[in-house]
Enquirer: 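Take this structure, written in structure tokens, and hold onto it; I'll ask about it next.
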Amino acid sequence: MTAPPVRASIDPRQSFPELEQTVAERWAARDVFQRSMEQREGAKPWVFWEGPPTANGRPGVHHILGRVFKDVFPRFQTMRGHHVERRGGWDCHGLPVEIAVEKQLGLSSKHDIENIVPGDVRASIERFNAACRESVFAYIGDWDRLTRRVGMWIDLERAYRTMDASYVSSIWSALKTMDEKGLLYQGNKVVPFCTRCGTALSSHEVAQGYEDIKDTSAYVRFPVVAEALPLSSPLRKGDSLVVWTTTPWTLWANVAAAVGPDVEYVRVSTPDRDGERRVVVAARELVEHAFGEDAEVLGDGFPGSALEGTVYEAPFVAAGRTDAGYGAVIAADFVSTDSGTGVVHLAPAFGQDDFVAVADAAAKRRFPAGTAAAKFDARDPATLLNPVRDDGTYDETVTDVAPQYADRFVKDLDLDLVTELADRGLLQRKQRYEHSYPHCWRCGTPLIYYARPSWYLATETVRDGLLAANDTVTWHPPHIKEGRFGEWLRGNVDWAISRSRYWGTPLPIWQSTTVQEGEDLPRRIVVGSLEELAERSGVTLEDPHRPFVDDVTFQEDGLTFERIPEVLDVWFDSGAMPFAQDAAPQDPEGLEHYEAHRIADYVCEGLDQTRGFFYSLIAESVLLRDEAPYKNVLCLGLILDENGQKMSKSKGNVVDPFEALDRFGADALRWYFFTSKQPWEGYRYSDEAVRDGVRLFLLPLWNTASFYAQYAAIAADAVPAATPDTEAPAGEETELDRWIVSRMEATTAVATEALDAYDVTTAGRAIGAFVDELSNWYVRRSRRRFWDGDPVALGTLREALVRVATLLAPLAPFVSDELYVQLGGTHDSVHLADWPAVDPARRDEALEADMATARETVRLGLAARAASGLNVRQPLRKAVVVATGDERAAIERLTGVITDELNVKALEFVAEADELGRVALKPNLRSLGPRFGKAMGTVRAAIEGLDGTRVAAALREGEPVVVQIDGAEHELTADDLLMSLETPDGYQLEREGQHAVALDLEVDDALRAEGLARAVLRQVQVARQDAGFEVTDRIELRLGGDAGALDAVRAHEDHLLGEVLAASVAYEGATGTPVQVDGRDVVVQVTRV
RNA sequence: GGGCGAUUAGCUCAGUCGGUUAGAGCGCUUCUCUGAUAAGGAAGAGGUCCCUGGUUCGAAUCCAGGAUCGCCCA
């Protein structure tokens, strides 16, 4: 038998934040992170990708969540034997950075930015981007500190940066490949646009600028062109369509009207503003809403589809419009009958729905020839009717015919336009309309939706590929796959990748300045790398950003090529990280590495990244190579404060992550995030919840180890020898030893399976439950063996603690490592150890079940104790246990555990419950339900009418039990019945279901004396502790006071002396303050010898 | 307006295949044990399982509709 190797004491009052500091220093000194990867060199890679955070803002508690979930599985998989590279990364570009710099420099528009150096756009952009470059890493110090402090192991020195030239070059290569596949094109996109700032706004910016305003809305008549009506048309000469619009200024761009194909329409005779009756067309269910009760429906209704192809006269016709102002009707599913007239005015330049509907109808050739809409091509900006300049005023195509509208913001012209419509007899009604409308969050100007030329990736054409790729991905939680993400992919539209901004990856598209003869459009060249650009132009760029890249031009085929001004959507940057972090394909070594690691086993980000990182990864992967980029994706939810409020500076409820870390330690926060709930559900963060984790898990674990170290050190005067982590202690094992070992193996199995399935919550909870069993049952019930230095108990406890440390290593890397090292683990760090294999031979599920029964028996016994008023210190002669079959066997097997815990001399069994009370019968619905179905009610009554005690006896004798149900006889087995005890009169017992425990409450003189002696013993122990003695100190004892108490002690003197490590006891001469022992005064005096 | 998710004790959360008296931890009250623990044990109080309808012998669980909250999108 080898003694456990620990001599050092484990400080029971450990500060975890301080401990973590020590552990971190040890990791650095022993180079543990590097070695943990190096020792797996050549093993199967397990690929993790860091979705790059932006370091231009201060990290918050929610970033701890991300950091630790990105850390736990790589640590686990490393222990499992995989080679897990972990490379950090930083997102450098994009609007968040630009906005921070705008604030810092006091700028509020693109105009401002381009005039930092007045009149010199190029120099201004240079200054602006230089400021962005500096701002990108404003908080990188905090980020690095946070990352290390929470124990996230990731290579920050080699972190990729999306603004590096090599990264940009990789992106260029990807775009070139996509262009070669015909997936890159220029088109239009309707965006929320601020005409004052001259910029499009992101949805996030739009969301913060909604205000309630009152607009003038108008019901406008579109007279149909009678000559063009098909014979089958339900319409007549003189009829008009009526549309309702809240933006009359967009009528100048009207090219079509939409109706619902399945909506019922009617012709209506109704007076207009001037009282003249007009025949108009509207959806039947909106007639009263739109025209009031005077409206008279003419004839039968007809479906919207019957109106398709109807040609009408648009109300305003801009100069140069080749169609003479004819619009046409299409059917579209988005037309609703919630408001308006059921006929919707379409201006593709000013509405995304309009744009898509018209583009779609045009592509399907559903517009009559000669209408403007018929020529519309989403990919050709020249075919779009847009008479508004980007400063928000009408251009000359309007002002040539209507000079009164010049130089005014179009949105301010609504009233003038409505007046003109009225003058021309086209206004059916007007109406003030109050609604929520977006404004620029910077300057307050109402936004307009506005078509802008934009570059696209044709992701819609690879939609099937995206869905097929998604099909191979395992999502956590699973509903994301078909739900949020699947829906997003199914509704996928082409990815608009260009931004008219400054600080971003420049789009590598060079266009010819002139159009070659015989061609419609300028030529374009997509440049695939910085090297290629150097070859074409002779210019080698050190910094690929604007404005330097804008300077580069080159000549080819007699044409001059200049770069387009736009930069790339930052999300493309992040989606390019699988290859761009390796500088692939241009760097041969990087390319090789990328090829071997091109599919991630695991990525983990916030739930909001379904439209961000998760999407950009899969889109680029499918566009480039038609495969899924990742196998497992874990989504994280939001962190709210303890009241469920979003954390925000204005509310003052933001939790400082460093403060929380300093107070509780990283492992405490990690434990909270891992075990309190599934991470995608979101958290209500509270200090209290984190503190509970420390109090109920970390401290009990730590103190169990401390307890072990204390007694192991005492026992180590025997033979210290290193025990391998996995070697079971030899010698006489008790049932408790075998039980805790079995539980240990079971816990290992659960943790392994859960972590393999990316479920750290289940793993953590299982480990937590095991520590509770270890501390509150195994140790509690084995204390005497530890006091005695039992090597088997010590060895078993050590093995269990080492196992806990190992299982806990990925979750709580600091505490687990400190425990492991203190317990004398065989490696320099638990993080260099292998994940433990489950040993099925050491599982004993029957024993686990038996122990559960025994604990239940104890629970009932203790309840009986409490009810009886006799405290546990008073020994009792016996406990009478009611149990049968397996339960009885279990209790007999573990009698010692139960008698010790209940402090009774013996357990006695009554053979059957009916000897202690009457048996009540209930039907077992689970077995009878399927058998009797609807007759269950009768069956229940029949069973409850039986004499339970006799039935129990009959079943015991193997006799059949028969019930009469509707005249038929049915035989019941023991499984069909649930038997429980009813408390008999004059008996005190605790029962639950089929168990019961009764205590023999008779206390004779001997038992009373023993109880008294124990009470004195307890006071001696208190005196020892008060005197500050070590648990190994020997003492001399003097007792005085109550004679009865002293007599009781004399009767149990040997026992007492052994328990309190007293060499001798004297019953006189004791000095000191008397203490109360069961109502008697006793004087206790202890002296160290 | 659309999609997705959530709703169980004062709080944080479990709840398996539809099954019997819906559980745990924290907190609270009372009692208790203690050679490790900030711990442990016992009892008590605390529930419209969001609501309504349906399916079923039986619904926290399945279905439909609705409410509230959150996220994403429009």
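This one's a predicted model, so the numbers in the text were calculated from it and none came from an experiment. Just so it is clear: chains get the letters A, B, ... in the order the sequence lines come, proteins before strands, and each one is counted from 1.
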Enquirer: Considering every strand and a 4.0 Å limit on heavy-atom distances, what is the contact class for A/Glu1059: base, sugar-phosphate, or nothing?
Expert: base
Enquirer: At under 4.0 Å, does any side-chain N or O of A/Arg783 touch on OP1 or OP2 of B/A36?
Expert: yes
Enquirer: Considering residues at least two apart in sequence or located in another chain, which fulfil the side-chain contact (heavy atoms from CB on, under 4.5 Å) criterion with A/Leu607?
Expert: A/Ile480, A/Arg484, A/Cys635
Enquirer: Is B/G44 syn or is it anti, if syn means the base angle is within 90 degrees of 0?
Expert: anti
Enquirer: Sticking with atom P, work out how far B/G5 lies from B/G66, rounded to a whole angstrom.
Expert: 16 Å
Enquirer: Treating a pair as Watson-Crick (purine N1 to pyrimidine N3 plus N6-O4 or O6-N4) or G-U wobble (N1-O2 and O6-N3) with both distances under 3.5 Å, list the stems of 3 or more consecutive pairs that involve RNA chain B.
Expert: B:1-7 with B:67-73, B:10-13 with B:23-26, B:28-32 with B:40-44, B:50-54 with B:62-66
Enquirer: For the side chain of A/Arg873, counting heavy atoms from C-beta on, which of B/U34, B/G35, B/C71 is nearest?
Expert: B/U34
Enquirer: Please report the closest heavy-atom contact between A/Tyr685 and A/Tyr672, naming both atoms and the distance.
Expert: CA-OH, 3.4 Å
Enquirer: In whole angstroms, how far is the P atom of B/U12 from the CD atom of A/Gln678?
Expert: 17 Å
Enquirer: B/A42, B/G40, B/G35: which one has an atom nearest the side-chain heavy atoms of A/Arg859?
Expert: B/A42
Enquirer: Just how far, in rounded Å, is C1' of B/G3 from CG of A/Leu489?
Expert: 13 Å
Enquirer: Nearest-nucleotide wise, let me know which of A/Leu696 and A/Leu638 is further upstream toward the 5' end of RNA chain B.
Expert: A/Leu696
Enquirer: Check the pair A/Glu1059 / A/Arg784 against salt bridge (charged side-chain N to carboxylate O under 4.0 Å, His left out), numbers first and verdict last.
Expert: CA-CA 10 Å; A/Glu1059 289 293 290; A/Arg784 175 159 307 279; 2.7 Å; yes
Enquirer: What is the separation between atom CZ on A/Arg784 and atom P on B/A36, rounded to the nearest whole Å?
Expert: 12 Å
Enquirer: Please report the distance separating the C1' of B/G3 from the corresponding atom of B/A39, rounded so that it comes out in whole Å.
Expert: 48 Å
Enquirer: Would you please confirm or rule out a distance under 4.0 Å between OP1 or OP2 of B/U12 and any side-chain N or O of A/Arg684?
Expert: yes
Enquirer: Less than 4.0 Å between a side-chain N and a carboxylate O, is that true for A/Arg859 and A/Glu901?
Expert: no
Enquirer: Please list residues of residues 1013-1021 of chain A whose heavy atoms come under 4.0 Å from any atom in RNA chain B, ordered by number; otherwise none.
Expert: A/Arg1018, A/Gln1021
Enquirer: Are any non-hydrogen side-chain atoms of A/Phe614 and A/Trp475 less than 4.5 angstrom apart?
Expert: yes
Enquirer: Nearest 0.5 angstrom please: A/Ser15 OG to A/Arg663 CZ, how far?
Expert: 13.0 Å
Enquirer: Rounded to whole Å, how long is the line connecting atom CG of A/Leu1056 with atom P of B/G35?
Expert: 12 Å
Enquirer: Assuming nearest nucleotide by heavy-atom distance, tell me which of A/Trp488 and A/Val858 is located more 5' along RNA chain B.
Expert: A/Val858
Enquirer: For the P atoms, the ones on B/C4 and on B/G65, what distance do you get once it is rounded to whole angstrom?
Expert: 12 Å
Enquirer: Quick check for you: among B/C73, B/G35, B/A42, whose closest atom lies nearest to any side-chain atom of A/Arg611?
Expert: B/C73
Enquirer: May I have the distance from A/Tyr683 (atom OH) to B/C11 (atom C1'), rounded to whole angstrom?
Expert: 17 Å
Enquirer: Between B/G70 atom P and A/Trp680 atom CH2, what is the distance in whole Å?
Expert: 22 Å
Enquirer: Measuring from A/Leu736:CG to A/Thr796:OG1, what's the distance to the nearest 0.5 Å?
Expert: 10.0 Å
Enquirer: Would you mind classifying the nucleic acid contact of A/Thr704 as base, sugar-phosphate or nothing, using non-hydrogen atoms under 4.0 angstrom?
Expert: base
Enquirer: Heavy-atom distance under 4.5 Å between the side chains of A/Arg1024 and A/Asp1033, does that happen here?
Expert: yes
Enquirer: Check whether any side-chain nitrogen or oxygen of A/Arg695 sits under 4.0 Å from OP1 or OP2 of B/G27, and answer yes or no.
Expert: yes
Enquirer: Could you measure between the two P atoms, the one in B/G53 and the one in B/A59, and give it in whole Å?
Expert: 13 Å
Enquirer: Taking the C1' atom of each, how far is B/C69 from B/U32, in whole Å?
Expert: 43 Å
Enquirer: A/Asp788 CG to B/G35 C1': how many Å, rounded?
Expert: 12 Å
Enquirer: What residues, two or more places apart in sequence or in another chain, satisfy side-chain contact (heavy atoms from CB on, under 4.5 Å) together with A/Thr762?
Expert: A/Gln678, A/Val750, A/Ala754, A/Asp759
Enquirer: Whether A/Arg785 and A/Asp788 form a salt bridge (side-chain N of Lys/Arg under 4.0 Å from carboxylate O of Asp/Glu) is what I want to check.
Expert: no
Enquirer: Grab the CG-C1' distance between A/Asp692 and B/G25 for me, whole Å please.
Expert: 8 Å
Enquirer: Of the listed nucleotides (B/G35, B/C72, B/C26), which one gets closest to any side-chain atom of A/Tyr711?
Expert: B/G35
Enquirer: Tell me if the aromatic rings of A/Tyr711 and A/Phe786 count as close, with their centers under 6.0 Å from one another.
Expert: no
Enquirer: Of the options B/A42, B/A14, B/U37, whose atoms approach the side-chain atoms of A/Arg765 most closely?
Expert: B/A14
Enquirer: Would you measure the distance from the C1' atom in B/G10 across to the matching atom in B/U61 and give it in whole Å?
Expert: 25 Å
Enquirer: Name the nucleic acid region contacted by A/Leu607, choosing base, sugar-phosphate or nothing; use a 4.0 angstrom heavy-atom cut-off, strictly under.
Expert: nothing
Enquirer: Sequence neighbours excluded, which residues qualify as side-chain contact (heavy atoms from CB on, under 4.5 Å) partners of A/Leu638?
Expert: A/Leu640, A/Lys646
Enquirer: Can you list the steps and then say if A/Gln1021 with A/Val1060 is a side chain to side chain contact (heavy atoms under 4.5 Å, CB included)?
Expert: CA-CA 7 Å; A/Gln1021 300 290 23; A/Val1060 303; 3.8 Å; yes
Enquirer: When you compare the protein's N or O atoms with those of nucleotides 4-7 of chain B, which come within less than 3.5 Å of each other, and at what distance?
Expert:
from, atom 1, to, atom 2, distance (Å)
B/C4, O2', A/His479, ND1, 3.3

Enquirer: Say you draw a straight line from CZ of A/Phe1029 to CD1 of A/Ile1035; how long is it, rounded to the nearest 0.5 Å?
Expert: 7.0 Å
Enquirer: Could you measure between the two P atoms, the one in B/U48 and the one in B/A36, and give it in whole Å?
Expert: 43 Å
Enquirer: I'd like the C1' distance from B/C49 over to B/C62, given in whole Å.
Expert: 16 Å
